2 protein chains.
Amino acid sequence: MAATETLTAERILEATEEVLRRHGPAKATVVDVARALGVSHGSVYRHFRTKAALREAVTKRWLDRTSEALAGIVADTSRDPERRLRDWLAALFEAKRHKAGDDPELFATYVVLTGEQGRAVAEHLDDLTGQLTRIIEDGVAAGVFSSDDPAATARAVFHTTGRFHDPQYAPEWKDPRTDADFAAVVDLVLRGLRA
Amino acid sequence: MAATETLTAERILEATEEVLRRHGPAKATVVDVARALGVSHGSVYRHFRTKAALREAVTKRWLDRTSEALAGIVADTSRDPERRLRDWLAALFEAKRHKAGDDPELFATYVVLTGEQGRAVAEHLDDLTGQLTRIIEDGVAAGVFSSDDPAATARAVFHTTGRFHDPQYAPEWKDPRTDADFAAVVDLVLRGLRA
DNA sequence: TGAATGACAGATGTTGAAATCTGTCATCTG
DNA sequence: CAGATGACAGATTTCAACATCTGTCATTCA
């Protein structure tokens, strides 16, 4: 039985994701998580100091999955930087848009979680702008992009496309104009980037 | 006495702004507004069909004040389009940042109101992108900007700078990196716009 | 006669007591 | 003795009775 397996942080995180999926962020309690695992809630506190720490760990896992999917595009240095940048921005947008569209309740749950944890989100954003920085550096090295501070330019690119990855705009992603708007922003930004 | 003056929509709007300022959006009631004016709440309903309509009218007034301030920059065709575009974006950002910084509670009140009324906000955004369109058209005519669809380009410019005028980002406007981030975004966008 | 009133029904918000949850820790168990 | 337990105090949430608000309208007032 599952209940006889060792209680690990990993198992607790999985149970927590399930409880969050079932009950939503407002009603998911540590007691619920313990009940789902067949242990006392005191045992959960052996692995996570607070409920907030548990939620942060779940959020971090979720955010890291997004980062990993995009890291592949950054790493593929065989393709030209402009192509990679376009793909990276499109992939980020599509990933978010699908999550928001496929399971709106779960997405709303994670929006609440990310809203709680400036820490984990800030790290995630640093991670993403770091990925952008690498693509832009490659582009500068290849002579196709112009930038005297790739990290600052990466931040700017990330900011300009905020409407297409910041979850607060998720309701607008269903608007039929959105694809044209996204294309217009990416074209404008890439024009600004070219050497 | 004020109580003997004719009850006009204008007077009701002024009283409503005051009640919102005093009580905040959650506790500002039609009864409060009527009390402030020394009339029965039934009289308020003679001028505004619903509480939502009253709030929308207040919101519209507030948004229109922002539009008017920026219209002056659009109208000054003696200055070159790039300069006007930079000034327009900076003026929009500064206006919002000051409102958010000077009276955070009132600003929060209006954020709640705008969140309620997609209608009035959508019109305001159309108004602002219309102003941007005119500047861009002037730039295209003068040969300094390149765009085959100034209205679409205006939307793109507006979207790229969302982080610096969308009130949801207001807390971040206090971050010391914000001015550099704003400058980086505007520079990137203007590079993309140049012919 | 046209604007203002206030009583009213149904919707929404407030309040405070009871239930549940968070986080700790002395105790238990394999 | 490492890990799990459950009782506990204080914090937070729930729930139902009560109060207030919204929107209508027959009546009053000037």
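Numbers restart at 1 for each chain; the letters A, B, ... are given by sequence-line order, proteins then strands. This structure is a prediction, so every number in the text was calculated from the model and none was measured. Hydrogens, waters and symmetry mates are skipped; everything else that's a heavy atom, side chains included, is used.
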| said: Return a single string for nucleotides 21-26 of chain D, one symbol per nucleotide in 5' to 3' order, where B is base contact, S is sugar-phosphate-only contact and - is none, cutoff 4.0 angstrom on heavy atoms. | reply: SBBB--
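- To the nearest angstrom, C1' of C:dG2 lies 12 Å from NE2 of B:H47.
- Within the model, atoms OG of A:S40 and CZ of A:R46 stand 9.5 Å from one another, a figure rounded to the nearest 0.5 Å.
- Between the side chains of A:T178 and A:D181, no donor-acceptor pair is found at a separation under 3.5 Å.
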| field | Steps toward side-chain hydrogen bond (donor to acceptor under 3.5 Å, both in side chains) verdict (A:S67, A:D64) | value | CA-CA 5 Å; A:S67 296; A:D64 285 350; 4.8 Å; no
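- Salt bridge status for A:R155 with A:D126: absent, with no side-chain N to carboxylate O gap under 4.0 Å.
- Rounded to whole Å, the distance from CG on B:L7 to C1' on C:dT5 is 13 Å.
- A close approach under 4.0 Å does occur between a side-chain nitrogen or oxygen of B:S43 and OP1 or OP2 of C:dT5.
- Classified by interplanar angle (parallel below 30°, tilted 30° to 60°, perpendicular above 60°), the ring pair A:F164/B:H159 is perpendicular.
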